[in-house]
> 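One structure is given below, represented as structure tokens, and several questions about it will come after.
Quick note on labels: first sequence line is chain A, next is B, and so on, each numbered from 1.
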Amino acid sequence: MQEHYEPKQIEPKWQQRWREAKLFRTEEDPSKPKCYVLEFFPYPSGDGLSVGHCRNYIPADTLARYMRMRGYNVLHPMGWDAFGQPAENEAINKGLHPKYTVPRYIANYKRQMNLIGLSYDWEREINSSTPEYYRWTQWWFLLLYKRGLAYRANALVNWCPSCKTVLANEEVEGGKCWRCATLVEKREMPQWFFKITEYADRLLYDLDALDWPEGIKQMQRHWIGRSEGVEFEMQIQGHPDLKFRVFTTRIDTVFGMTFAVLAPEHPLVDEITTPEHRHEINAYREAARRLDERTRLAAERERTGVFTGAYAINPVNGEPVPIYVADYVLMTYGTGAIMAVPAHDERDYDFALKYGLPIKVVIVPEGASPAPAAWQGGSGGEGIPPCYTGDGIMVNSGEFSGLPNREGMERLADWFEARGIGQRKVQYRLRDWLISRQRYWGAPIPIVYCEHCGEVPVPEEQLPVLLPDVEQYQPSGTGESPLARIPEFVNTSCPQCGQPARRETDTMGGFACSSWYFFRFCDPHNDKEPFSQEKVRYWMPVDYYVGGAEHAVMHLLYARFWTKVAYDAGISPVQEPFYRLRNQGMVLALTPYRPPREDEILSAGEIGILVRRDQLEQMSEAEREQLIWVWEKMSKSKYNVVTPDEIVERYSADTLRLYEMFVAPFDTAIQWEEQGVKGMHRFLNRLWRLMREVRACFLRDWREILTPETHARLDDASRQMRQRTHASLKKLHSDIPDFKFNTAVATLIEWLNDLEDYWRKANTGMCCADCMAVVSEAVECFIVALSPFAPHIADELWEAFGFEGFTLQQRFPDYDENLARAEMFEMVVQVNGKVRDKITVPADISREAMERLALASPRVQAHLQGKTPRKVIVVPGKLVNVVV
RNA sequence: GCCGGAGUGGCGGAACUGGUAGACGCGCCGGUCUCAAAAACCGGUCCGGGGGGACCCGGGUGUGGGUUCGAUUCCCACCUCCGGCACCA
């Protein structure tokens, strides 16, 4: 055994041995329980992994290793979400085709993952950009298509002028593109959609049974946005042939309608606008269409709108109300038209105040007077009723007046349904999933357009539709994919009639690939089908799914949707793909900003000019003092990245692993500080030194020595050491599956501290064979228990102590419940709730004895000052509180 | 504005179903080794006050109130920070 801990020798050595032994290889084994541990499908970027990315992989790896050592058959695979726009954008910038860059980046990721000792079964590696994989992504498209869940439609879509492609609703964040933050525009184009809305209810209700972070479930619920209400029809005055429908969740307020609003894009606007308003309406619609997202973002909550000159008839009382066009009504939600009730809706209220429209109160809070005199003036001023959106009693509502509004809602819904002019309806915020991308680095949509047969799906046996080589990377700008400029690709024959036909040139967005990869990992090399039923039945669902919270809606919703479709088609054994979900916290790094120079101007919200690393090194002392350091998410663009490579170089992979798990709870954001890394390195050094000392006295047969009889004659310190060993194991068994890696590592450190103390004492003087057996038990258990966290040093020590094989093949040590329990405890004695004494007593002490000992304490007597206790509270195993 | 989460020493954080607040690590202070420094190791370290000292007294988990023998933990109100959504009728 080397004198010092030399990670540079032991880490590569063990990584090589693991590889040669195919240690991480997984096969189906019906005799063992399975455990599927999966991390989010990474996109292999040219920047490689940072220690920030490792925050995900390291704890997941520790969990996977632990589960293996618990006897589970663990599936822990890794692969690459290799299609996507970053690779294309890079191709444009550097002139290198993704087919060359992507494999290089993958190789680097893999090298880094191996460097930090991740236990992936590389035989199951998959790459979504290979025909072997995307063939089956296309197969999924056809599955959805056959089930009526894929359709092409002309639609007003989100267009990113920078990416030159359309975006799904989920990919638009605050009106900007999720990738490049460019303002998104609206365009009308034919596009492919998946009918995720058909699954809205199931996607909503099935969330309840999932063991996911509550926040993520909440976000999905909100994204689906189910609401119940009534959709009804309104006549337009002077147009007996025209009517429009509105949706409301507050049918109880229908008597308070004082105007109606159509979305600017509503098809009826043209027909009903009167000549004198036409000019103004057209201008408004044009502005809304063009500057849509921009103005809506800039002009906060400012309401604007224009009168059409037309009137709608309120069906409940026959009163005409003016019809406005306003952009606060969205064409994409509900019917694109609303009844406006300013007295009971904030938005309608603001609009009515601005345009001087009447405000008619139809609900009053229970016990309140409906008289105008009672109004203290809403935000509109004296004499104007405030906007009240809560529950109450209906007034001014004809035959419904006097009813509690909740009841009125039901009666009115019945009223509309009985007359056939309206019905109860459920609305969703969720829209269908737009899948088309006008890009070449994605899976081609397997559809052919034939003059005779129309839209024809490519037959399964003709898959894959191979992606051709693209020489011109640039998007066409017309909105078409670069694939459209490759005649050999576009021109084909119709699979049905054989006549000349054209291929669809759109590809599928990247989320298609990641919506089913967890199935593929179960059977990654199947070339007959996407996956075999037998294997999927064995492995699915994913038991632990680990990744960042940024995919809360997009990926996680899409993957759930595809899984449900597969379930309905009889090819998935589960309705939900991910039983447990855990989100890791971000890794923050200090990022330097400098004050702006005279010629530089900061935009709003900026605190200074970002300083690059090379610039930082050239700065003078005076300049450095001016810097403002801010904790920000580690990223290439902030020049604050720390790589695992440099940490492994300076310390070791095991150090990095321990630090990332120890520094904070798994789901908390952490601040990257190298000082803390040093602490973990010290721990490993200390471990090494102690093991070197202990090795000579190590007794392999400690199990035979430590019989119950021997245990009974051990001294206090030895029995306590055994208790510490077993209690530590117990704690590890509960912390690891619970993702409490920080306290798990703390437990290891404490255990080692105790062992060091015990060893010091046992080694000087009181040395005996029994003591060495106690040390040996602790040492052997410690090495094996350390293995999931720091596998390299664990295997090295394992070998140094003369054991064969790998720690990963050992059973994670079980603990003895009786030994884990302390024999003595420190009984706390309080007087009036304040700690006054601590007395060490046997664990099985009686309540009476506790009370007697407590009252006998001189300290307690001193605080009692002769007074007699009014009450004595005894909590067994804990404390005694004397109340005076 | 709405939804979700969190406020604990100089710092990251610990504390089971209400029961010793501050585990563990960093930093800092003192020491050992060294010509010296670094590294490494050993000891100390919530704040205030008292004592030569082992110790003793008081305060303390964002703020204010409440329940309780006892509250970081439960309840009410408020403040701050982080994440998400934002005209969804």
Side-chain angles (χ1 to χ4, degrees), chain A residues 4 173-175 213-219 221-223 225-227 229 231 246-251 253 261 263 296-297 300-303 326-330 332-341 344-348 350-351 427-431 549-550 552-553 583 585-586 658-659 662-665 667-680 682-683 685-686 689 731 734 740 742-753 760 825-838 859 862 869-875 877-884:
Chain A
H4 296 289
E173 295 172 349
E214 200 46 47
I216 302 284
K217 291 210 252 184
Q218 244 357 71
M219 279 193 238
R221 286 191 190 108
H222 177 251
W223 191 263
R226 184 193 152 97
S227 61
E231 190 177 299
V246 299
F247 174 73
T248 178
T249 54
R250 290 298 303 273
I251 196 67
T253 64
V261 186
R296 285 187 191 190
L297 280 175
E300 289 279 38
R301 305 193 74 220
E302 180 69 19
R303 304 247 172 278
D327 64 9
Y328 80 89
V329 172
L330 311 173
T332 43
Y333 185 80
T335 59
I338 61 156
M339 67 170 201
V341 184
H344 306 292
D345 181 282
E346 299 277 1
R347 295 151 303 181
D348 299 342
D350 293 345
F351 192 87
Q427 273 293 339
Y428 300 93
R429 202 185 93 107
L430 182 72
R431 324 262 167 81
E550 66 274 11
V553 281
N583 299 126
M586 283 187 296
L658 286 169
Y659 176 66
F662 174 70
V663 67
D667 57 2
T668 307
I670 62 165
Q671 299 174 342
W672 183 264
E673 278 176 307
E674 195 137 336
Q675 283 298 344
V677 180
K678 282 184 187 164
M680 289 303 105
R682 272 180 215 156
F683 165 68
N685 275 314
R686 213 148 49 82
R689 220 175 29 250
K731 175 85 172 140
S734 80
K740 290 183 176 167
N742 58 329
T743 49
V745 175
T747 300
L748 287 170
I749 298 171
E750 287 174 78
W751 187 7
L752 184 73
N753 291 347
R760 291 277 132 73
F825 74 96
E826 214 172 42
M827 181 180 83
V828 169
V829 185
Q830 297 178 328
V831 177
N832 285 339
K834 282 187 180 156
V835 180
R836 295 303 177 189
D837 202 1
K838 294 170 186 178
R859 292 171 199 274
R870 198 156 54 91
K871 196 169 164 190
V872 180
I873 288 138
V874 180
V875 183
K878 287 270 194 300
L879 55 67
V880 176
N881 188 12
V882 182
V883 186
V884 188

> Could you check which of B:G25, B:U20, B:C69 has an atom nearest any side-chain atom of A:Met680?
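Nearest nucleotide to the side chain: B:G25.
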> Which whole number of Å gives the distance between the P atom of B:C79 and that of B:G27?
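To the nearest whole Å, 39 Å.
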> For the NZ atom of A:Lys740 and the OG atom of A:Ser734, what is their distance to the nearest 0.5 Å?
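Reported value, rounded in 0.5 Å steps: 7.0 Å.
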> Would you mind reading off the distance between A:Met219 atom CE and B:G83 atom C1', rounded to a whole angstrom?
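Atom-to-atom, A:Met219 to B:G83, this comes out as 7 Å.
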> Considering only the P atoms, how many Å lie between B:A23 and B:C78, rounded to the nearest integer?
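The same atom, P, in both gives a distance of 35 Å.
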> The criterion is side chain to side chain donor-acceptor pair (under 3.5 Å); which residues satisfy it with A:Thr747, sequence neighbours excluded?
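Not a single residue meets the side chain to side chain donor-acceptor pair (under 3.5 Å) criterion with A:Thr747.
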> Can you name the side chain to side chain contact (heavy atoms under 4.5 Å, CB included) partners of A:Glu673, sequence neighbours left out?
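Listed in chain order: A:Trp631, A:Tyr659.
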> Rounded to whole angstroms, how far apart are CG on A:Leu658 and C1' on B:C24?
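It is 13 Å, rounded to the nearest whole Å.
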> Is the closest side-chain heavy-atom distance between A:Asn753 and A:Arg686 below 4.5 Å?
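When only atoms from C-beta onward are counted, A:Arg686 and A:Asn753 do touch, with a gap below 4.5 Å.
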> Syn or anti for B:G52, given that syn means the glycosidic angle lies within 90° of 0?
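In terms of base orientation relative to the sugar, B:G52 is anti.
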> Tell me, please, which residues at least two apart from A:Asp345 pass side chain to side chain donor-acceptor pair (under 3.5 Å).
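Once residues adjacent in sequence are excluded, the partners of A:Asp345 under the side chain to side chain donor-acceptor pair (under 3.5 Å) criterion are A:Arg347.
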> Strictly under 4.0 angstrom, non-hydrogen atoms only: write out the protein contact profile of nucleotides 9-19 of chain B, one letter per nucleotide from the 5' end, B, S or -.
---BSS-B--B
> Could you pull out all residues at least two apart from A:Phe351 that satisfy ring-ring contact (aromatic ring centres under 6.0 Å, His included)?
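A:Phe351: ring-ring contact (aromatic ring centres under 6.0 Å, His included) contacts with A:Phe259, A:Tyr324, A:Tyr328, A:Tyr355.
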> Apply side chain to side chain contact (heavy atoms under 4.5 Å, CB included) to A:Thr668 and list each qualifying residue two or more places apart in sequence or on a separate chain.
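A:Thr668 satisfies side chain to side chain contact (heavy atoms under 4.5 Å, CB included) with A:Ala664, A:Pro665 once adjacent residues are dropped.
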> With a 4.0 Å limit, can you tell me whether A:Lys838 has a side-chain N or O closer than that to the phosphate oxygens OP1/OP2 of B:U20?
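Answer is no, no contact under 4.0 Å.
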> With rounding to the closest Å, how many angstrom separate the C1' atoms on B:G7 and B:G12?
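Rounded to whole Å, the distance is 15 Å.
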> Would you mind classifying the nucleic acid contact of A:Val828 as base, sugar-phosphate or nothing, using non-hydrogen atoms under 4.0 angstrom?
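If one applies the 4.0 Å heavy-atom cut-off, A:Val828 turns out to touch a base.
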> Tell me whether the OP1 or OP2 atom of B:G59 has a side-chain N or O from A:Lys834 closer than 4.0 Å.
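Yes, because at least one side-chain N or O of A:Lys834 sits under 4.0 Å from OP1 or OP2 of B:G59.
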> Between B:U20, B:A89, B:G4, spot the one nearest the side chain of A:Gln218, thanks.
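The answer is B:G4, which lies nearest to the side chain.
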> Please name all residues satisfying side chain to side chain donor-acceptor pair (under 3.5 Å) with A:Trp751, sequence neighbours left out, ordered by chain then number.
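Side chain to side chain donor-acceptor pair (under 3.5 Å) check on A:Trp751 returns A:Thr725.
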> For B:U73 versus B:G9, give the span between their P atoms, rounded off to a whole number of Å.
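15 Å, rounded to whole Å.
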> Side chain to side chain contact (heavy atoms under 4.5 Å, CB included) with A:Arg221: which residues, sequence neighbours excluded?
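In terms of side chain to side chain contact (heavy atoms under 4.5 Å, CB included), with neighbours along the sequence ignored, A:Arg221 is linked to A:Leu204, A:Leu207, A:Asp208, A:Glu214, A:Lys217, A:Gln218.
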> Have a look at A:Arg431 and say if it touches a base, only the backbone sugar-phosphate, or nothing, with a 4.0 Å heavy-atom cut-off.
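Here A:Arg431 touches the bases of the nucleic acid.
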> Rounded to the nearest 0.5 Å, what separates atom CG in A:Asp837 from atom CD in A:Glu826?
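Between atom CG of A:Asp837 and atom CD of A:Glu826 there are 9.5 Å.
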> Roughly, in whole Å, what's the span from OH in A:Tyr333 to P in B:C85?
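Result: 18 Å.
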> What integer distance in Å separates A:Trp223:CH2 from B:G4:C1'?
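So the CH2-C1' distance, A:Trp223 to B:G4, works out to 17 Å.
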> Using a 4.5 Å cut-off on heavy atoms from C-beta on, say whether the side chain of A:Met680 contacts that of A:Ile749.
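They are in contact (side-chain heavy atoms under 4.5 Å apart), so the answer is yes.
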> Output all residues satisfying salt bridge (charged side-chain N to carboxylate O under 4.0 Å, His left out) with A:Glu674, sequence neighbours left out; order by chain, then residue number.
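For A:Glu674, the residues satisfying salt bridge (charged side-chain N to carboxylate O under 4.0 Å, His left out) (neighbours in sequence not counted) are A:Arg650.
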> When you compare B:A6 with B:G60, how far apart are their P atoms, in angstrom units rounded to a whole number?
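The answer is 25 Å between these two P atoms.
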> Counting Watson-Crick and G-U wobble pairs with both distances under 3.5 Å, what is the dot-bracket string for RNA chain B, 5' to 3', using [ ] for crossing pairs and | for pairs to another strand?
(((((((..(((......[....)))((((((.......))))))(((((....)))))..(((((..]....))))))))))))....
> Take atom CG of A:Asn583 and atom P of B:G4, then tell me their distance rounded to the nearest Å.
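So the two atoms are 17 Å apart, to the nearest Å.
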> Closest-nucleotide mapping onto RNA chain B: is A:Ala549 or A:Ile338 further toward the 5' terminus? I mean the 5' end.
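Looking at RNA chain B, the more 5' nearest nucleotide goes with A:Ala549.
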> Can you list the residues that meet the side chain to side chain contact (heavy atoms under 4.5 Å, CB included) rule with A:Val875, with sequence neighbours excluded?
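A:Ile873, A:Lys878, A:Leu879.
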> Between B:C57 atom C1' and A:Arg836 atom CZ, what is the distance in whole Å?
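After rounding, the reported distance stands at 8 Å.
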> If I take atom CD in residue A:Glu750 and atom P in nucleotide B:G22, what distance separates them, rounded to the nearest angstrom?
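About 13 Å, once rounded to whole Å.
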> Rounded to whole angstrom units, what separation is found between the CG atom of A:Asp350 and the C1' atom of B:A86?
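It is 15 Å, rounded to the nearest whole Å.
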> Locate the shortest heavy-atom distance separating A:Val880 from A:Met827; write the atom from each residue and the value.
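Closest heavy-atom pair between A:Val880 and A:Met827: CG2-SD, 4.0 Å.
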> Could you measure between the two C1' atoms, the one in B:C76 and the one in B:G22, and give it in whole Å?
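After rounding to an integer number of Å, I get 28 Å for this pair.
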> NA contact type, A:Ser227, heavy-atom cut-off 4.0 Å: base, sugar-phosphate, or nothing?
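The residue A:Ser227 makes sugar-phosphate contact but no base contact.
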> On a whole-Å scale, what distance lies between the C1' atoms belonging to B:A71 and B:A39?
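So the two C1' atoms sit 46 Å from each other.
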> With the sugar-phosphate defined as primed atoms, P, OP1 and OP2, and the base as all remaining atoms, what B/S/- string results for nucleotides 37-45 of chain B, 5' to 3', for protein heavy atoms under 4.0 Å?
---SS----
> Taking the same atom, C1', in B:A21 and in B:C46, what whole-Å distance lies between them?
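It works out to 10 Å between them.
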